Amino acid sequence: MKVGVIAVQGAFREHIRVLRELGADAVEVRRANELDGAEAVVIPGGESTAIGKLMREYDLLQPVRDLASAGKPIFGTCAGMIVLANRIVGEETNHLGLMDVEVNRNSFGRQKDSFEADLDVPVLGPEPYPAVFIRAPHIQSVGERVEVLATYEGRIVAVQQDNLLATSFHPELTGDLRLHAYFLGLAKRS
Amino acid sequence: MAKTGTDLVKRGMAEMQKGGVIMDVINAEQAKIAEAAGAVAVMALERVPSDIRKAGGVARMADPTVIEEVMKAVSIPVMAKCRIGHIVEARILEAMGVDYIDESEVLTPADDKFHVDKSKFTVPFVCGAKDLGEAVRRIAEGASMIRTKGEPGTGNIIEAVKHQRMMQMQIRHIQSLSEDELYAEAKNLGAPLHILREIHETGKLPVVNFAAGGIATPADAALMMELGSDGVFVGSGIFKSENPEKFARAIVQATTHYQDYELIGELSKNLGTAMTGIDLNTLRPEERMASRGW
């Protein structure tokens, strides 16, 4: 199964390594034609302003929206979650605007406040999930169709809306493959 | 229980910067231009390296007012420089909430033997290196990100190329050694064995490795990516060029699409004059910043 990993900036190689470990054919995507035949898309962590801008300038936004409306799973982590969101606190525009959520950027503080914590993510089973939050955003409010998958100290940090998945933290950095496996499971159902 | 300041959190922050451009800025206006162009972070300075060269004298940590002004102006991470070995400048920057500290040879060193023990800090550090021994010593002290030193403020890419090629060549050499040869290599390089073992196994540095020092054009940025850099710092190159906005945008795009030569050709058209460069043969040994650091 071909999975396109948006590779304009950020930790795309880490996602590719995890996806390949799980048997997916993960490829770097910098141009729209590299999404041809993709069954799923990952938008990695990085700087959301840089990723959003480069995706817009190289016409990657519409092809990803088309894949999403065709039911293909899309997974955004940290900056990727901001790129997926419909509303960004304090900003007038969005990027993909696919998920019915409002995100608050850098809401856990500056880099010195970045942290690791174990999270309870019921869809992944009873074992806690090791999460790393780096200048992370959180989700301030969600629409009706959005299912909250995890919270940390009352803040929403993982969500799913049908075929769309987003986390505030970085599953590509911790070596726990369960979230990527869950994501690939969505692709098999689509 | 949440844990802050761990290796994963500090190195992870640098992982998020990969494939991006970090730009030197001296005020809020420049910081906004950098952010709008797609920079992944800005380095807040009182003077860019080429002006530090011109000014001469002792170069120190920037006035905190400048750093605060930049932190207020943008939502992307803000870095700032402390002098080599200046523990207190580093602590001040950490207390101010700067996202990354560059213990930098661009400033006049405060200590001629010891670097800051970066492992004791919650904030991550980036340090310059000319070769693998230097890079590994800095990582052992707790640096979460490495960059080439290059020769800052010259607009001349030759030193950054030399340093990145040297590091990549030495990493390949480490990989080719047998395990029992690593002991002597640790002695040769003046670098801790446990980190060399890690490099022997993985074939790469355990932290992100950027290019810095002398990048002046989109093609320079793409060249450094081609040579295996994870991203680039551009110092004087942007705001000493004729058209900073256009230059900044072109350098960001050339870094992402570093193997798309047709595109880099397009991006390089009508950019206006790049910063004036310096032939390194005209620099006296004491004017070289790359030789600072131990």
Side-chain angles (χ1 to χ4, degrees), chain A residues 6-15 28 30-31 44-58 60 77-80 82 88-91 104-119 130-137 152-153 169-170 172-175, chain B residues 1-23 32 34-42 71 74-79 93-101 121-125 144 204 208 230-231 249 252-253 255-260 263 267:
Chain A
I6 302 299
V8 293
Q9 192 272 315
F12 51 87
R13 271 187 230 117
E14 287 64 27
H15 275 290
E28 295 181 8
R30 291 182 179 77
R31 297 284 197 149
E47 281 306 313
S48 63
T49 48
I51 293 175
K53 183 183 161 61
L54 287 160
M55 285 183 74
R56 185 168 296 113
E57 284 177 356
Y58 288 86
L60 286 168
T77 60
C78 194
I82 298 168
I88 304 168
V89 176
E91 290 176 32
N104 191 340
R105 292 178 60 204
N106 307 330
S107 59
F108 288 96
R110 300 199 74 98
Q111 171 58 21
K112 66 176 176 180
D113 308 306
S114 294
F115 62 98
E116 290 180 56
D118 284 337
L119 281 188
V132 55
F133 292 82
I134 298 171
R135 285 173 46 94
Y152 178 74
E153 294 187 338
F169 51 90
H170 293 280
E172 73 280 19
L173 292 185
T174 45
Chain B
M1 250 314 271
K3 291 171 285 181
T4 55
T6 61
D7 276 352
L8 180 61
V9 165
K10 294 198 280 187
R11 291 177 180 185
M13 161 72 193
E15 300 286 347
M16 297 309 139
Q17 302 271 298
K18 281 190 303 195
V21 182
I22 299 167
M23 301 182 190
K32 284 186 179 144
E35 184 175 48
V40 292
V42 289
M71 285 168 66
V74 292
S75 65
I76 55 177
V78 175
M79 302 187 172
L93 294 173
E94 181 179 54
M96 289 177 64
V98 158
D99 295 298
Y100 233 95
I101 297 176
F121 285 69
T122 305
V123 67
F125 280 74
S144 307
K204 62 185 197 59
V208 164
D230 289 317
R249 237 180 11 246
V252 166
Q253 298 189 17
T255 303
T256 292
H257 299 280
Y258 67 95
Q259 286 178 320
D260 189 337
L263 174 73
L267 293 170

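Just so you know, these numbers come straight off a predicted model, no measurement behind them. Chain letters run A, B, ... following the sequence lines, proteins first and then strands; every chain starts at 1.
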Of all of R110(A), R105(A), E153(A), R31(A), which one pairs up most often with chain B through heavy atoms under 4.5 Å apart?
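The residue among R110(A), R105(A), E153(A), R31(A) with the greatest pair count is R110(A).
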Tested for side chain to side chain contact (heavy atoms under 4.5 Å, CB included) against Q111(A), the lone hit among V78(B), T122(B), V98(B), V9(B) is V9(B)
Nearest non-hydrogen partners of [X] and [Y], listed with the distance:
{"X": "K112(A)", "Y": "E94(B)", "value": "NZ-O, 3.3 Å"}
{"X": "R135(A)", "Y": "P77(B)", "value": "NH2-N, 3.4 Å"}
{"X": "A2(B)", "Y": "A117(A)", "value": "CA-CB, 4.3 Å"}
{"X": "I134(A)", "Y": "L8(B)", "value": "CD1-O, 4.5 Å"}
{"X": "E15(B)", "Y": "E14(A)", "value": "OE1-OE2, 3.2 Å"}

Name the region of [X], side chain, backbone, both or neither, that has any atom closer than 4.5 Å to a heavy atom of chain A.
{"X": "A95(B)", "result": "backbone"}
{"X": "I101(B)", "result": "neither"}
{"X": "A37(B)", "result": "backbone"}

At a 4.5 Å cut-off on heavy atoms, which part of [X] comes close to chain B: side chain, backbone, both, or neither?
{"X": "L173(A)", "result": "both"}
{"X": "T49(A)", "result": "side chain"}
{"X": "V132(A)", "result": "side chain"}
{"X": "F12(A)", "result": "neither"}

Does the side chain of M13(B) come within less than 4.5 Å of S114(A)'s, by heavy atoms?
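When only atoms from C-beta onward are counted, M13(B) and S114(A) do not touch, as no gap falls below 4.5 Å.
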Do D230(B) and R13(A) touch side chain to side chain, with heavy atoms closer than 4.5 Å?
yes
Select, from A39(B), A36(B), G5(B), the one with the greatest count of heavy-atom pairs under 4.5 Å involving chain A.
A36(B)
Heavy-atom pairs under 4.5 Å with chain A are the metric here; pick the option from R11(B), E35(B), Q17(B) that has the most.
Q17(B)
Calculate, to the nearest 0.5 Å, the distance between atoms [atom1] and [atom2] belonging to [X] and [Y] respectively.
{"X": "E116(A)", "Y": "D7(B)", "atom1": "CD", "atom2": "CG", "result": "9.0 Å"}
{"X": "M16(B)", "Y": "H170(A)", "atom1": "CE", "atom2": "NE2", "result": "4.0 Å"}
{"X": "K53(A)", "Y": "R249(B)", "atom1": "NZ", "atom2": "CZ", "result": "6.0 Å"}

Would D260(B) and R30(A) pass as an ion pair if we require N to O under 4.0 Å?
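Looking at D260(B) and R30(A), the cut-off is not met.
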